[in-house]
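Presented below is the structure to which this report refers.
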Amino acid sequence: MNHPHLFSPLEVGPYQLAHRLVMAPLTRMRAARPSLAPRPLNAEYYAQRATPGGLIIAEASPVIASGFGSPGVPGIYSQAQVEGWREVVDAVHAKGGVIFLQLWHVGRVSHSSFQPGGGLPVAPSAVPIPTDLKTMTADGRVTTYETPRALRTSEIAGLIEAFRSGARNALAAGFDGVEIHGANGYVIEQFLHSHTNLRTDQYGGSIENRVRFLMEVTEAVIAVWGAERVGVRLSPYGIANGSGEADPMPLYTHAIERLNPLHLAYLHFIEPRSSGAGRAEVNWQNVPSAMVLFRPIVKGVLISAGGFTGDIAEAAIAEGHADAIAFGRIFISNPDLPRRLQQGFPLTPYNRKTFYGGEAEGYTDYPTHDAMEPA
Ligand SMILES: Cc1cc2nc3c(=O)[nH]c(=O)nc-3n(C[C@H](O)[C@H](O)[C@H](O)COP(=O)(O)O)c2cc1C
């Protein structure tokens with residue numbers, strides 16, 4: 001029997017992927033303002049990275065105005081945003097690609113300057129992010145995080161509804177599926193982790209209660225899309241945005257065992273060695289591997305991300321630790337990443353300074369390998 005490798009096909013829900021090299025969700029803060037709708041530059045960027053039968057997970061997109069924590073991030077709650085995303089989706093489909101949208105709410109990783117009406121950000125509990133981490137206000141000032149306002153029990157259904165309507169909007173925009181952002185210290189992870197969830201209602205306390213919000217969001221999104229077009233992203237052992245669970249094993253074991261019977265399109269892990277990659281140049285070693293620890297209990301497709309090179313990705317797939325690998329930073333600087341890895345071409349290094357915000361520089365101006373060849 002031939003072992004699968006990066007360039008073997010893979011079934012993900014109803015889609016037959018031609019290879020296992022996925023574009024990770026990447027916030028780039030280049031939406032139109034003030035509509036926060038994707039614009040032609042964004043469509044060009046995604047089309048550059050689309051391959052026939054290749055899966056792209058489009059950047060995290062707030063499902064409601066209270067879900068923002070950074071300027072220039074595209075939303076998925078207004079008609080203009082749906083129309084902007086449709087242009088992106090059409091451009092990726094024109095190249096034969098498959099594209100999911102990541103649904104987002106940042107919870108406490110926000111600031112009152114982003115909040116409609118200027119109120120405090122909402123979160124499961126009024127626990128602030130430690131002051132050594134800084135955030136940016138809507139007008140670009142660097143500051144510490146505020147103490148969020150704890151959601152009343154009666155408000156939680158509304159937040160779940162926001163995910164449902166974001167899912168509906170993604171469907172209207174023509175996406176092939178959606179990914180629920182349950183990672184990196186944002187609102188779903190704030191419910192999951194015990195130090196950010198001090199609730200005494202049915203959404204806090206026991207592991208079962210802390211997993212409830214994730215499950216209710218997932219069920220709402222499945223009601224729109226069907227499970228086979230819904231993925232969930234988790235970061236067990238991650239410490240992004242002041243998150244982190246002292247003993248993640250029982251929590252994530254329970255979450256995975258609850259998600260398994262839903263038959264999702266996939267589960268997507270971020271390896272803890274790259275937790276915080278969005279903010280800094282990190283690749284910690286000697287930390288547990290999420291895919292190695294949890295693969296034995298994941299039923300269905302497992303995508304892993306975080307610090308992968310082509311060789312490490314090949315090994316992970318050959319050893320059965322993951323079915324597909326999502327690439328973030330090197331997909332930013334190598335629009336033709338699948339071809340480069342397949343051919344063993346050298347990679348263009350990324351420029352961290354142009355990750356967030358701006359125009360074409362560091363976004364659509366990274367050349368393909370062929371364009372770099374001397375004439
Ligand atoms: C610029 C940048 C933006 C990111 N935005 C998101 C995001 O919107 N959603 C998400 O789940 N992860 C996000 N991440 C994390 C990446 O998806 C990925 O997990 C991480 O970069 C590790 O993979 P890599 O080592 O291949 O870069 C971001 C990372 C970077 C560098």
Side-chain angles (χ1 to χ4, degrees), residues 6 20-31 36 38 42 45-46 49 55-63 67-76 99-107 109 166 178-189 231-241 243 266-285 287 289-291 303-313 316 322 324-334 337-338 340-341 347-358 362-363 366:
L6 254 185
R20 294 156 182 248
L21 205 154
V22 174
M23 181 175 167
L26 292 161
T27 291
R28 305 302 310 277
M29 294 169 35
R30 285 167 167 87
L36 302 174
N42 308 133
Y45 160 80
Y46 280 107
R49 286 156 184 77
L55 175 62
I56 289 174
I57 303 163
E59 67 209 79
S61 300
V63 293
F68 283 83
S70 330
V73 163
I76 185 70
I99 181 165
F100 279 40
L101 180 66
Q102 193 183 46
L103 302 178
W104 199 22
H105 191 294
V106 303
V109 194
V178 287
E179 176 176 287
I180 296 165
H181 197 343
N184 285 351
Y186 298 114
V187 79
I188 292 175
E189 200 174 88
V232 169
R233 193 172 213 210
L234 299 172
S235 43
Y237 292 90
I239 52 164
N241 294 309
S243 70
Y266 62 81
L267 259 189
H268 186 179
F269 289 151
I270 306 173
E271 287 296 334
R273 65 179 170 228
S274 75
S275 182
R279 281 180 184 258
E281 208 51 62
V282 293
N283 205 352
W284 292 298
Q285 301 305 323
V287 289
S289 164
M291 63 178 181
I303 304 177
S304 189
F308 283 94
T309 59
D311 290 345
I312 302 174
I325 303 297
F327 291 85
R329 290 166 287 179
I330 59 173
F331 224 139
I332 288 177
S333 54
N334 296 274
L337 184 67
R340 290 205 200 196
L341 293 187
L347 299 182
T348 301
Y350 50 80
N351 176 9
R352 175 167 290 278
K353 290 199 191 82
T354 51
F355 276 180
Y356 299 111
Y363 191 55
Y366 284 110

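Counting convention: from 1, in listed order, for ligands and their atoms alike. All values derive from a computational prediction rather than experimental measurement.
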Of the protein's non-hydrogen atoms, which lies at the shortest distance from atom 9 (N) of ligand 1, and what is that distance? Q102 OE1, 2.7 Å

Could you tell me which atoms of ligand 1, counted from 1 in the order shown, lie closer than 4.0 angstrom to a heavy atom of F327? 26 (O)

Counting only N and O atoms by type, is there a donor-acceptor contact under 3.5 Å from the side chain of R28 to the main-chain atoms of G72? no

Close approach, F331 and ligand 1, non-hydrogen under 4.0 angstrom: no

I'd like to know if the side chain of E59 reaches the main chain of Q102, judged simply by a donor and an acceptor atom lying under 3.5 Å from each other, with no hydrogens or angles considered. no

Less than 4.5 Å apart, any side-chain heavy atom of Y366 and any of P349? no

Exam field: side chain R233 to backbone E179, donor-acceptor pair closer than 3.5 Å: no

Using distance alone, determine whether R329 and ligand 1 share an N or O pair under 3.5 Å. yes

Please report which non-hydrogen protein atom sits nearest to atom 18 (C) of ligand 1, along with the residue it belongs to and the distance in Å to one decimal place. R233 NH2, 3.8 Å

Yes or no on ring-ring contact (aromatic ring centres under 6.0 Å, His included) for Y350 and F355, after CA distance, side-chain angles and deciding distance? CA-CA 9 Å; Y350 50 80; F355 276 180; 5.5 Å; yes

G307 N/O to ligand 1 N/O under 3.5 Å: yes

To which of I332, N184, I57, T27 does the heavy atom nearest atom 5 (N) of ligand 1 belong? T27

Determine, step by step, whether I188 and L234 satisfy the side chain to side chain contact (heavy atoms under 4.5 Å, CB included) criterion, reporting the C-alpha distance in whole Å, the side-chain angles of both residues, the deciding distance to 0.1 Å, and the verdict. CA-CA 9 Å; I188 292 175; L234 299 172; 5.6 Å; no

Where ligand 1 meets F355 - atom numbers and elements under 4.0 angstrom, heavy-atom basis: 1 (C), 31 (C)

Closest candidate by heavy atom, reference atom 13 (C) of ligand 1, pool S70, P25, A58: P25

Counting both backbone and side chain atoms, is some N or O of G328 under 3.5 Å from an N or O of ligand 1? yes

Which part of R28 is near ligand 1, with near meaning a heavy atom under 4.0 Å away: side chain, backbone, both or neither? neither

With a 4.0 Å heavy-atom cut-off (strictly under), which part of E271 contacts ligand 1: side chain, backbone, both or neither? neither

How close does the nearest protein non-hydrogen atom get to atom 2 (C) of ligand 1, and which residue and atom is it? Y356 OH, 3.4 Å

Can you check whether G306's main-chain N or O pairs, donor with acceptor, with R273's side chain at less than 3.5 Å? yes

Candidates V63, I76, V73 - the one meeting side chain to side chain contact (heavy atoms under 4.5 Å, CB included) with W104: V73

A183 to ligand 1, any heavy atom closer than 4.0 Å: no

Checking the side chain of E271 only, and the main-chain atoms of M291 only, is there a donor and an acceptor separated by less than 3.5 Å? yes

Is there a donor-acceptor contact under 3.5 Å from the side chain of R30 to the main chain of G357? yes

Quick test: of every protein heavy atom, which one is nearest to atom 21 (O) of ligand 1, and how far off is it to 0.1 Å? A277 CB, 3.7 Å

H181 heavy atoms within 4.0 Å reach ligand 1 at atoms 9 (N), 10 (C), 11 (O)

So the atoms of ligand 1 within less than 4.0 Å of a heavy atom of A24 turn out to be 17 (O)

Between S243 and N184 (side chain of the first, backbone of the second, donor and acceptor by atom type, cut-off under 3.5 Å), is there such a pair? no

